2 protein chains.
Amino acid sequence: MTNPNPSPAPTLRDVAEAAGVHTATASRALNPNTRRQISAETARRVMRAAQALGYQPNSVARSLKTSRTGTVGLVIPDLTNPLFPPIVRGVESVLESGGYHVWIVNTDNDAERERAKIESLRSRQVEGLIVATARLEHPLLRQLHEQGVRMVLINRQVEHLGLPAVTGDDATGVAAAVRHLAALGPTGIAYLSGPLSTSTGRVRARAFRHAVRDLGLSDELVVECARWSESDGAAALRALLDRGARFTAVVAGNDLIALGCYDVFAERGLSCPGDVSVIGFNDMPFLDKLRPPLTTVAVPHHELGAEAARMLLDCIDDPGRPARTLLLPVSLVVRGSTAPPGAG
Amino acid sequence: MTNPNPSPAPTLRDVAEAAGVHTATASRALNPNTRRQISAETARRVMRAAQALGYQPNSVARSLKTSRTGTVGLVIPDLTNPLFPPIVRGVESVLESGGYHVWIVNTDNDAERERAKIESLRSRQVEGLIVATARLEHPLLRQLHEQGVRMVLINRQVEHLGLPAVTGDDATGVAAAVRHLAALGPTGIAYLSGPLSTSTGRVRARAFRHAVRDLGLSDELVVECARWSESDGAAALRALLDRGARFTAVVAGNDLIALGCYDVFAERGLSCPGDVSVIGFNDMPFLDKLRPPLTTVAVPHHELGAEAARMLLDCIDDPGRPARTLLLPVSLVVRGSTAPPGAG
DNA sequence: TTGTATGCGTTATCAT
DNA sequence: ATGATAACGCATACAA
């Protein structure tokens with residue numbers, strides 16, 4: 001049953017010999033596009049031989065010959081962040097129907113690892129890249145762009161680079177969050193920002209300042225988190241509390257940062273939403289089952305991935321086409337973590 | 001800035017010409033293993049030329065020549081299940097330090113998609129497979145095994161196939177869960193099983209029956225879920241309640257099924273753990289923030305992935321080595337979803 | 001319709 | 001130490 005020493009995989013040559021034709025003929029018979037050049041009879045013979053031998057074309061050889069691999073790379077900062085798997089699925093759903101295969105790599109938010117992984121993707125001749133790790137300053141992406149690498153950014157952008165990108169409408173989402181909190185009653189609103197080295201962090205933070213100022217509120221209560229993580233969110237909120245800031249509502253840069261607030265509430269004996277309301281960003285799975293259920297801004301992650309994939313296919317088909325930025329609509333999802341101050 | 005028509009990537013030949021040597025010499029100079037055959041002087045010249053041209057070796061061509069791709073495939077049923085990303089990370093961490101790259105594919109729990117993806121991986125000449133989609137009856141995996149494909153199963157096994165596998169110690173975990181519930185007081189315990197077409201489903205269900213029988217309790221309260229999902233878990237619990245079953249505790253086949261129970265509790269006005277205790281399996285992220293925090297059995301997913309990767313490396317190094325099954329220890333994590341009947 | 005010949009970019013086996 | 005040559009498996013321009 002076990003077969004430690006399998007016979008080598010059959011090649012096109014084996015098929016051709018079995019069918020009594022030349023490899024060129026076999027190649028044409030096996031390829032749907034060229035099959036019509038071949039008599040139906042020989043085509044059948046070849047295909048039968050291939051079937052019998054269990055022939056599977058060697059994509060490596062084919063790619064070398066055609067200089068087309070039919071693969072694109074997808075660069076993700078952290079697959080364990082629930083935000084990204086739906087993006088992956090969206091990307092795959094479109095690219096697969098376009099005949100492409102997706103090579104997912106994880107960078108762990110590490111620039112050196114990112115460099116190595118992208119280098120590996122390129123050496124494997126991917127035909128394009130979908131990148132979710134962009135920072136505002138990103139020499140590597142800049143360089144790739146200058147080298148003519150087909151590339152679409154997702155969720156985040158690079159400054160002054162004119163790269164095609166698909167993101168959620170962060171500014172509108174943050175504004176909606178702030179308005180929702182303000183409508184609950186007079187209040188001070190704090191903002192726990194994601195890293196300002198990313199466009200997402202920067203855009204949301206700026207939108208927060210604008211939104212609170214428009215309402216005549218203070219825009220001073222802002223703390224930056226070093227990473228988009230629970231622990232950094234917790235640290236930021238602790239810092240805010242420790243400096244004696246007065247507020248009854250928190251907007252978090254994303255859901256993970258909001259979850260960090262939950263930890264601090266427990267530590268400090270604060271009730272949410274009674275003492276402090278919190279609002280997240282992304283609407284990652286299972287937020288409705290938290291204590292309390294987290295109010296958040298829903299971003300259509302699957303669609304984000306799908307649209308980015310479509311854009312990449314367009315880039316590959318027509319390299320000269322101008323770069324577009326697509327902003328997908330977001331929506332406020334009100335749950336139990338926001339309420340009028342002093343209520344519940 | 002934009003470069004729609006980039007110059008073609010430099011090849012080894014370009015480097016050789018620039019350095020004034022033959023391609024063979026350039027190849028040897030650039031490869032750390034063969035560099036010592038070359039004079040230090042020419043090696044330097046070649047490497048400098050490569051640097052200057054921005055040369056990157058073409059892995060496709062190299063793979064064709066060496067018949068080694070340095071890649072392995074990782075077959076995942078559903079990346080959006082929070083259980084799998086940590087496994088992916090574990091696999092990657094080991095394989096990368098072994099010089100391999102991981103190609104992740106998502107099957108969406110669909111057999112046809114699985115077949116297509118694995119075929120694609122094979123045509124791309126992956127050197128081995130780590131498979132997390134196994135069913136007890138799995139003709140495709142059986143066939144691959146007979147063809148001598150190097151393969152390690154993770155989390156689930158195939159019946160009667162003697163494939164190397166790494167899983168959590170499900171039976172011990174379920175037994176611990178049942179004992180925990182029994183210790184809380186006299187009670188009827190129900191079991192919401194995962195699909196019995198998977199080894200994980202089968203092993204856990206059997207362990208449940210044994211555990212309750214050992215305690216002199218009924219083993220009749222078992223319902224099978226068609227999939228490992230929240231909605232199927234909810235449906236199973238509804239079915240149990242609708243047939244008037246009497247129980248004060250539920251063991252769920254995994255955490256998602258347990259989350260489905262939360263939905264039904266809300267629908268039917270049941271309090272957890274007051275009316276019914278629930279216990280999950282896996283300890284996926286964020287369970288501690290649920291209402292109530294979910295008691296569960298923690299499985300070391302990262303380690304699962306890492307060990308499977310080590311096993312695969314062993315299989316590749318020594319194809320003749322006998323298949324081993326590795327059972328990693330699990331641990332009960334008691335949180336708020338379990339309590340003595342009628343309490344809190 | 002089919003066969004012949006060539007080359008994709010690289011490495012390995014010969015020579016020298 | 002380096003160069004010449006061939007070959008990996010396949011697809012295609014060209015010839016027949």
Side-chain angles (χ1 to χ4, degrees), chain A residues 7-47 49-50 53-71 119-120 122-127, chain B residues 7-47 49-50 53-71 119-120 122-127:
Chain A
S7 51
T11 70
L12 188 59
R13 190 177 165 154
D14 298 322
V15 175
E17 276 175 13
V21 298
H22 197 270
T23 57
T25 308
S27 172
R28 287 186 274 247
L30 259 20
N31 188 325
N33 300 321
T34 49
R35 189 171 299 152
R36 51 181 197 74
Q37 304 172 16
I38 298 290
S39 82
E41 162 54 20
T42 32
R44 244 200 317 280
R45 227 175 46 243
V46 172
M47 294 172 68
L53 291 173
Y55 171 72
Q56 283 216 322
N58 182 327
S59 301
V60 172
R62 173 180 291 168
S63 294
L64 181 59
K65 177 64 187 166
T66 61
S67 63
R68 290 215 45 230
T69 55
T71 62
E119 184 171 303
S120 161
R122 293 203 65 203
S123 86
R124 292 182 152 79
Q125 313 297 113
V126 295
E127 297 180 35
Chain B
S7 50
T11 71
L12 188 59
R13 191 177 162 155
D14 298 322
V15 175
E17 277 176 11
V21 298
H22 195 269
T23 56
T25 308
S27 172
R28 288 186 275 244
L30 260 20
N31 189 324
N33 300 321
T34 50
R35 190 171 298 155
R36 49 180 199 73
Q37 303 172 17
I38 297 291
S39 83
E41 163 53 21
T42 33
R44 244 200 317 278
R45 225 172 52 242
V46 171
M47 294 173 69
L53 292 173
Y55 171 72
Q56 282 217 323
N58 182 327
S59 300
V60 172
R62 173 181 291 165
S63 293
L64 179 59
K65 179 61 187 172
T66 61
S67 63
R68 290 213 45 229
T69 56
T71 62
E119 183 171 303
S120 161
R122 294 203 64 204
S123 86
R124 291 181 153 78
Q125 315 297 111
V126 294
E127 295 180 35

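In what follows, every heavy atom counts, from backbone to side chain, and hydrogens, waters and symmetry copies are set aside. Below, chains carry the letters A, B, ... as their sequence lines are ordered, and counting in each starts from 1. Treat the numbers as computed from the prediction; the structure is a model and nothing was measured.
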Heavy-atom distance under 4.5 Å between the side chains of B:Q125 and B:S63, does that happen here? no
B:R45 side, atom CZ; B:T25 side, atom OG1 - distance, nearest 0.5 Å: 9.5 Å
Of A:A40 and A:T23, whose nearest nucleotide on DNA chain C comes first from the 5' end? A:A40
N/O donor-acceptor pair under 3.5 Å between B:S123 side chain and A:N58 backbone: no
Taken to the nearest whole Å, CG/B:L30 to P/C:dG9 is 16 Å
Can you list the steps and then say if B:L53 with B:V15 is a side-chain contact (heavy atoms from CB on, under 4.5 Å)? CA-CA 7 Å; B:L53 292 173; B:V15 175; 4.1 Å; yes
OP1 or OP2 of C:dG9 less than 4.0 angstrom from a side-chain nitrogen or oxygen of B:T11, does that happen here? no
Going from CZ on B:R62 to CG on B:N31, what distance comes out if it is rounded to the nearest 0.5 angstrom? 6.5 Å
Ion pair check, A:E41 and A:R44, cut-off under 4.0 Å: yes
When the distance from CZ of B:R13 to P of C:dG7 is rounded to whole Å, what number comes out? 10 Å
In whole Å, what is the span from the CG atom of A:N31 to the C1' atom of D:dG9? 15 Å
What is the distance, rounded to the nearest whole Å, between atom CZ of A:R122 and atom P of C:dG9? 15 Å
Quick check on D:dT2: is either OP1 or OP2 less than 4.0 Å from any side-chain nitrogen or oxygen of B:S39? yes
Quick one: CG on A:L30 to OG1 on A:T23, what's the gap to the nearest 0.5 Å? 11.5 Å
Using modelled atom types only, decide if a donor and an acceptor are shared between the side chain of B:R124 and the backbone of A:T69 within a distance under 3.5 Å. yes
Nucleic acid contacts of residues 56-69 of chain B, taken as heavy-atom distances under 4.0 Å to DNA chain C: B:P57, B:N58, B:A61, B:R62, B:K65, B:T66
Rounding to the nearest 10°, end axes of the helix from C:dT1-D:dA16 to C:dT16-D:dA1 built from five pairs each make an angle of 40°
Flag if over 12 foreign heavy atoms under 6.0 Å of CZ, A:R35: yes
Length of the line joining B:N33:CG and C:dT10:C1', which is rounded to integer Å: 15 Å
Does D:dC10 have OP1 or OP2 under 4.0 Å away from a side-chain N or O of A:Y55? yes
Once you round it to whole Å, what is the distance between P of D:dG9 and CZ of A:R28? 20 Å
Given D:dA13, C:dT10, C:dA5, the nucleotide with the shortest approach to the side chain of B:L12: C:dT10
Can you tell me how far P of C:dA5 sits from NE2 of A:H22, to the nearest Å? 8 Å
CD (B:E127) and CZ (B:R122) are apart, to the nearest 0.5 Å, by 13.0 Å
So does A:S27 get a side-chain nitrogen or oxygen closer than 4.0 Å to the phosphate oxygens (OP1/OP2) of D:dA11? yes
OP1 or OP2 of C:dT2 sitting under 4.0 Å from any side-chain N/O of A:T42? yes
Taken to the nearest whole Å, CZ/A:R44 to P/C:dT1 is 14 Å
